[in-house]
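Structure, as structure tokens:
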Amino acid sequence: MKISSWQLFWILTTLEISMSIWLTVSPTIEIARQDAWISLVVAGIIGLALSWVLVKVSQRHASQTLIEFAQTLFGKWLGKLIGVLYLLVWYSVCADILRIFSLFIKQVLFHDTPMWIISMLMMIAMAYIALVGSVEAIARFSEMAGPLLLLGILITFILNISNLRLTLMLPVFTDTGAMSILKGSFVNASFLGESMMIMMLIPFVANPKKILKPVIFSICIASMLAIITAIMVVSTFGIQIGSTLYFPYFSMVRFINYLDFIQNMDVWIVFIWIFSVFVKLSIYLFINSYGTAQILGVKKWRKMIAFTAPVIFAATLTPANLFGLLDFANLVWIRLIFPIFIVGFPIIFLFVSMIRKRMLAAS
């Protein structure tokens with residue numbers, strides 16, 4: 001059950017892009033206005049720094065998942081508690097993503113279809129690929145979905161050029177300020193922090209020593225696409241409309257009309273996007289199942305899919321309107337999960353690991 005470092009690249013690239021340009025652009029525009037692109041540059045730098053820390057932590061414990069090396073660093077009970085906290089984060093995030101996906105598909109394609117049916121069909125597909133093919137099958141699928149997603153996004157960027165009014169990007173910096181730009185960067189930086197799943201995937205990478213380059217490359221691509229998306233959304237709709245759109249990239253794609261010939265690009269983009277979200281959700285299901293098995297001491301981790309899949313599905317069906325979903329990203333993910341689980345714990349892991357290594361060398 002091994003994947004190559006470049007398969008890891010496609011997994012991370014696909015899952016980073018799948019939600020970041022859909023959900024982070026509008027909040028960033030709302031905070032940083034026409035300078036949202038600068039905020040996204042700062043977010044990319046933060047994302048690169050965090051990914052470097054996550055890679056270094058993972059490489060120091062390349063044969064162990066986070067559940068295992070947390071116990072090595074902090075002892076059995078404290079380490080298990082940290083592992084359980086991370087699993088709770090991943091369970092909640094997976095359920096929230098599945099709910100956003102189901103609502104989006106219901107609103108865009110299947111208006112009369114109950115949301116739970118869409119969620120159930122996606123969950124069946126996720127459970128199947130995790131059960132039959134494990135992380136290897138997900139990695140191979142990402143090698144197909146990733147290039148398709150990148151190609152689709154690039155085509156829409158090109159076709160939207162005629163709709164741009166670059167004067168809407170002015171003035172630069174003067175009426176925004178450094179603090180607003182920095183505050184706006186946290187939205188996208190937190191989504192780039194999903195690379196923390198490296199700490200669970202590292203034992204399944206064939207050559208852990210060579211993962212830094214593909215991980216950094218994946219963050220660079222996701223950041224660049226987010227920057228271009230922000231520029232295009234502001235240049236197409238302006239900051240007043242652009243900051244209120246729930247899915248600004250999708251709205252921009254719907255706006256494309258090239259010579260009255262190329263239209264309705266949104267259907268094609270949604271079709272490709274479904275593939276990318278499938279990769280993201282399947283990885284989360286795998287991590288949750290594998291991690292839960294390690295916490296409970298279950299040797300055959302696939303048995304845990306029968307537990308994790310229903311739990312995530314049930315959480316998806318808890319009552320929540322669209323505003324509530326966005327509040328999860330703004331209030332829970334950015335204000336709690338990002339500083340604690342993406343920034344705080346990995347830095348502590350790295351320092352404790354370095355100190356333990358020096359103490360062992362001294363003894």
Side-chain angles (χ1 to χ4, degrees), residues 1-21 24 40-41 43-66 69 90 93 129-130 133-154 188-229 272-273 275-287 290 342-343 346-347 349-350 353:
M1 198 163 63
K2 293 289 184 179
I3 62 175
S4 69
S5 56
W6 285 106
Q7 284 178 323
L8 178 65
F9 160 77
W10 281 117
I11 289 174
L12 293 177
T13 301
T14 304
L15 67 88
E16 294 284 7
I17 295 172
S18 62
M19 282 294 178
S20 62
I21 65 173
T24 68
L40 292 169
V41 171
I45 295 171
I46 296 173
L48 288 173
L50 291 174
S51 296
W52 182 87
V53 172
L54 291 165
V55 168
K56 292 303 178 182
V57 169
S58 301
Q59 288 177 330
R60 283 177 169 270
H61 307 276
S63 62
Q64 297 178 310
T65 65
L66 180 147
F69 73 68
W90 285 322
V93 171
I129 194 171
S134 185
V135 68
E136 289 181 79
I138 300 171
R140 289 171 185 169
F141 188 85
S142 70
E143 288 182 289
M144 178 190 73
L148 278 176
L149 183 63
L150 289 178
L151 178 62
I153 292 172
L154 291 176
N188 188 252
S190 65
F191 275 72
L192 295 177
E194 283 189 287
S195 56
M196 66 177 174
M197 62 178 59
I198 297 170
M199 295 186 292
M200 284 296 293
L201 296 176
I202 189 70
F204 307 103
V205 180
N207 194 342
K209 294 181 179 180
K210 294 185 177 181
I211 68 169
L212 181 60
K213 184 176 179 180
V215 170
I216 295 298
F217 196 27
S218 69
I219 298 297
C220 288
I221 290 177
S223 298
M224 185 61 66
L225 291 178
I227 292 166
I228 297 173
T229 301
I272 299 174
W273 180 70
F275 284 169
S276 66
V277 175
F278 174 65
V279 171
K280 190 185 191 86
L281 289 171
S282 298
I283 282 292
Y284 271 117
L285 180 63
F286 169 76
I287 287 174
Y290 198 88
I342 299 177
V343 179
I347 292 175
F349 292 158
L350 183 59
S353 180

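These numbers were taken from a predicted model, which means no experiment stands behind them.
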Can you give each donor-acceptor pair under 3.5 Å made by side-chain atoms of residues 213-225, sequence neighbours left out, with the distance rounded to 0.1 Å?
from: Ser218; atom 1: OG; to: Val215; atom 2: O; distance (Å): 2.6
from: Ser223; atom 1: OG; to: Ile219; atom 2: O; distance (Å): 2.8

Which pairs of donor and acceptor atoms, one on a side chain in residues 195-207, lie under 3.5 Å apart (sequence neighbours left out)?
from: Ser195; atom 1: OG; to: Ser51; atom 2: OG; distance (Å): 3.3
from: Ser195; atom 1: OG; to: Leu192; atom 2: O; distance (Å): 3.3
from: Asn207; atom 1: OD1; to: Lys209; atom 2: N; distance (Å): 3.4

Can you give me every donor-acceptor pair (side chain of residues 138-146, partner residue at least two apart or in another chain, under 3.5 Å) with its distance?
from: Ser142; atom 1: OG; to: Ala139; atom 2: O; distance (Å): 2.6
from: Glu143; atom 1: OE1; to: Gln7; atom 2: NE2; distance (Å): 3.0

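Of all the heavy atoms in Ala226 and Leu40, the pair that sits closest is O-CD1, 3.2 Å. Among all heavy-atom pairs drawn from Leu149 and Trp273, the shortest one is CD1-CA, 4.5 Å. Lys2 and Glu136 get closest at one heavy-atom pair: O-CG, 3.4 Å. Nearest heavy-atom pair, Gly193 versus Ile342, reported as atom, atom and distance to 0.1 Å: CA-CG2, 3.6 Å.
Considering OG of Ser58 and CZ of Phe69, their distance stands at 6.0 Å, rounded to 0.5 Å. With rounding to the nearest 0.5 angstrom, the CG atom of Leu54 is 9.5 Å from the CG atom of Leu350. Here OG1 of Thr14 is found 9.5 Å from CG of Leu148. Values are rounded to the nearest 0.5 Å. Here the OG1 atom belonging to Thr24 is positioned 8.5 Å from the CD1 atom belonging to Ile21, to the nearest 0.5 angstrom. Separation of atoms OG (Ser276) and CG (Leu281) is listed at 9.5 Å; rounding is to 0.5 Å. Atom CD1 of residue Ile347 and atom NZ of residue Lys56 lie 15.5 Å apart, to the nearest 0.5 angstrom.
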Note to self: Go through it in stages, so that I can follow the logic: the residues are Phe349 and Leu66, the test is side-chain contact (heavy atoms from CB on, under 4.5 Å), and I'd like the CA-CA distance, side-chain angles, deciding distance and then a yes or no.
What the structure shows: CA-CA 10 Å; Phe349 292 158; Leu66 180 147; 4.1 Å; yes

Item checked: Chi angles and distances behind the side-chain contact (heavy atoms from CB on, under 4.5 Å) call for Ile228, Ile153 -> CA-CA 10 Å; Ile228 297 173; Ile153 292 172; over 6 Å; no

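When the options Ile46, Leu48, Val53 are evaluated for a side-chain contact (heavy atoms from CB on, under 4.5 Å) with Leu50, the one that passes is Ile46.
You'll find the side chain of Val279 stays beyond 4.5 Å of the side chain of Trp10, heavy atoms only. Tyr290 has its side chain out of reach of Val135: every pair of non-hydrogen atoms, C-beta onward, lies at least 4.5 Å apart. The closest side-chain heavy-atom distance from Ile129 to Leu285 is not below 4.5 Å.
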